[in-house]
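Here is how names work: the chains are called A, B, and so on, in the same order as the sequence lines, proteins then strands, and each is numbered from 1. Any value given below was found using the heavy atoms of this structure, including those in side chains, with hydrogens, waters and symmetry copies removed. Computed from a predicted structure; not experimentally measured.
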Amino acid sequence: MSQLDDIDRALVNALQDDLPLTNRPFLPLAESLGITEDELLTRVKAMRESGVLTRFGPFFDAVRMGGAFCLCAMEVPQDRFDEVNDLVNAHLEVAHNYERSHKLNMWFVLGCDTKAGIQEAADKIEGETGLQVYQFPKLQEFFIGFRVAA
Amino acid sequence: MSIDATDRAIIEALQGGLPLVPQPYLEVAQSLNLEESELTDRLAVMKESGAIRRIAAAPNHYKLGMTANGMTVWDVDDAVLNEVGPKIGALPFVTHSYKRPRALPDWPYNLFAMVHGSSREEVEEKRQEIVAIIGDALRASDTLYSTRILKKTGLRLRKKGD
């Protein structure tokens with residue numbers, strides 16, 4: 001686990017809220033934490049480089065752009081796992097992908113700016129791997145949020 | 001919302017992330033030959049329409065010590081799913097909770113709730129709170145722990161003509 005101090009932890013939480021659309025968007029946050037804007041940016045860069053933050057920027061919702069997201073799963077034979085993983089990850093539509101402890105052992109999210117793109121990507125993956133792609137689109141969302149103890 | 005060519009150029013410029021500089025919107029606007037105000041106005045429209053959920057950080061739970069990532073899945077009586085779903089979604093340790101279609105006969109589960117913890121034991125304890133909420137409407141459940149992140153890039157649009 002990375003060594004984060006209290007200011008880093010407060011930053012992880014604060015940066016999960018919406019950044020304002022102002023000329024100096026980081027400045028009010030830096031002031032509220034009692035650090036300079038430069039120090040804030042240095043800390044965020046360090047957390048990006050160490051992987052504590054995988055990304056910082058706009059979260060686009062493909063659905064609102066006329067597209068779709070879809071959670072998918074596959075049952076991948078252990079001896080083909082790396083090969084299938086390379087085939088799946090090569091698709092731009094695969095936004096993230098996790099190995100999980102289950103018969104269905106590969107879980108990935110397809111994201112596209114067209115609805116048809118999901119089925120096309122799933123069909124391509126099935127064709128390339130010869131394995132079935134189970135599709136679990138979200139029918140309803142009950143909540144989203146995450147906080148670390150600051 | 002409908003996206004024009006300028007919006008698309010903005011999305012392509014930002015899908016890898018916002019530059020970590022004091023004036024990030026100005027820098028992006030200059031790279032696209034736009035005024036900063038046009039960029040932020042367009043981003044504001046995308047936020048209003050929901051095309052942008054928020055401009056924020058994506059944390060890596062593993063690196064924050066939340067090393068047990070349990071995707072808990074539940075087969076809940078359809079008649080009560082909409083009643084128990086929001087209660088589960090409101091639990092402080094549940095980060096995402098969705099109704100999803102079953103894939104019978106292999107996959108009977110219609111409710112997914114992501115539970116993060118510092119150990120599998122902790123996830124199991126939290127799971128029991130969900131069991132209590134669902135009560136008699138629970139028919140089956142399972143927990144799928146993530147054992148490896150294989151990819152994590154977020155949404156990427158294909159360039160036109162790709």
Side-chain angles (χ1 to χ4, degrees), chain A residues 1-2 4 12 15-19 21 23-27 37-38 41 44-45 48 50-62 64-66 69 71 85 89 92 94-102 104 106-108 111 113 134 136-146 148, chain B residues 1 3 11 14-18 20-26 36 40 43-44 49-60 63-65 71 82 85-86 88-90 94-101 103 106-107 112 116 142 144-158:
Chain A
M1 173 178 177
S2 307
L4 301 180
V12 169
L15 290 173
Q16 288 182 77
D17 294 330
D18 202 9
L19 193 76
L21 290 168
N23 176 253
R24 303 276 291 272
F26 298 107
L27 190 57
E37 198 179 30
D38 278 347
L41 290 165
V44 177
K45 279 180 206 159
R48 280 283 289 109
S50 70
V52 167
L53 302 178
T54 56
R55 199 174 165 279
F56 182 80
F59 280 72
F60 294 105
D61 187 335
R64 297 298 178 98
M65 294 191 279
F69 283 109
L71 178 67
N85 185 30
N89 285 357
L92 194 70
V94 176
H96 33 92
N97 185 5
Y98 287 86
E99 179 185 50
R100 291 193 179 276
S101 57
H102 190 269
L104 293 175
M106 187 179 287
W107 289 78
F108 52 92
D113 58 340
Y134 291 79
F136 299 108
K138 97 180 144 185
L139 302 177
Q140 197 178 331
E141 178 174 347
F142 295 119
F143 183 75
I144 280 202
F146 174 75
V148 294
Chain B
M1 77 174 279
I3 298 173
I11 293 166
L14 289 178
Q15 60 193 359
L18 196 68
L20 294 170
V21 297
Q23 297 172 291
Y25 304 116
L26 181 65
E36 184 183 22
T40 52
L43 290 174
S49 74
I52 292 177
R53 285 184 159 219
R54 62 188 187 285
I55 298 173
N60 179 332
K63 302 254 181 177
L64 290 168
M71 185 172 75
N82 286 340
I88 292 164
V94 170
T95 54
H96 306 268
S97 181
Y98 300 111
K99 175 185 178 182
R100 298 189 188 276
D106 301 329
W107 187 262
F112 286 56
H116 292 277
D142 200 350
L144 284 69
Y145 287 99
S146 70
T147 43
R148 225 181 341 157
I149 297 178
L150 303 170
K151 185 179 184 185
K152 196 166 178 180
T153 51
L155 176 68
R156 300 295 166 110
L157 299 183
R158 281 193 182 278

**Q.** Donor-acceptor under 3.5 Å (A:R48 side chain, A:T54 main chain)
**A.**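 Checking the backbone N and O of A:T54 against the side chain of A:R48, a donor-acceptor pair under 3.5 Å is found.
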For the interface with chain A, which of [options] has the highest count of heavy-atom pairs at distances below 4.5 Å?
options: B:L18, B:N82, B:I55; result: B:I55
options: B:G16, B:A44, B:P101; result: B:P101
options: B:G50, B:G17, B:A57; result: B:A57

Q | Flag side-chain contact, heavy atom, 4.5 Å: B:L150 against A:F108 | A |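 Not in contact.
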Side chain, backbone, both or neither: which part of [X] has a heavy atom under 4.5 Å from chain B?
X: A:F69; result: side chain
X: A:F60; result: both
X: A:N23; result: both

Q. Parallel, tilted or perpendicular: which fits the ring planes of A:F26 and A:F56, with parallel below 30° and perpendicular above 60°?
A.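 Aromatic pair A:F26/A:F56 classed tilted.
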Q: With rounding to the nearest 0.5 Å, note down the distance linking CD1 in B:I11 to CD1 in B:I52.
A: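 Between B:I11 CD1 and B:I52 CD1, I get 7.0 Å after rounding to 0.5 Å.
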Q: Check whether B:Y145 gets within reach of chain A through its side chain, its backbone, both or neither, counting any heavy atom under 4.5 Å.
A: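 For B:Y145, the contact with chain A is made by backbone and side chain together.
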Q | Under 4.5 Å from a heavy atom of chain A, the part of B:Q23 involved | A |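 Both parts, backbone and side chain.
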Q. Shortest non-hydrogen contact from A:V94 to B:K151?
A.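 Scanning both residues completely, I find the closest heavy atoms to be O-NZ, 3.0 Å.
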Q | Residue pair A:R100 / B:T147: nearest heavy atoms and the distance that separates them | A |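 Here A:R100 and B:T147 meet closest at N-OG1, 3.9 Å.
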Q. With chain B, which of A:L27, A:L104, A:L15 has the greatest number of heavy-atom pairs at distances under 4.5 Å?
A.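 Sorted descending by pairs with chain B, the first entry is A:L15.
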**Q.** Test side chain to side chain contact (heavy atoms under 4.5 Å, CB included) applied to A:N97 and A:M106, step by step
**A.** CA-CA 7 Å; A:N97 185 5; A:M106 187 179 287; 3.3 Å; yes
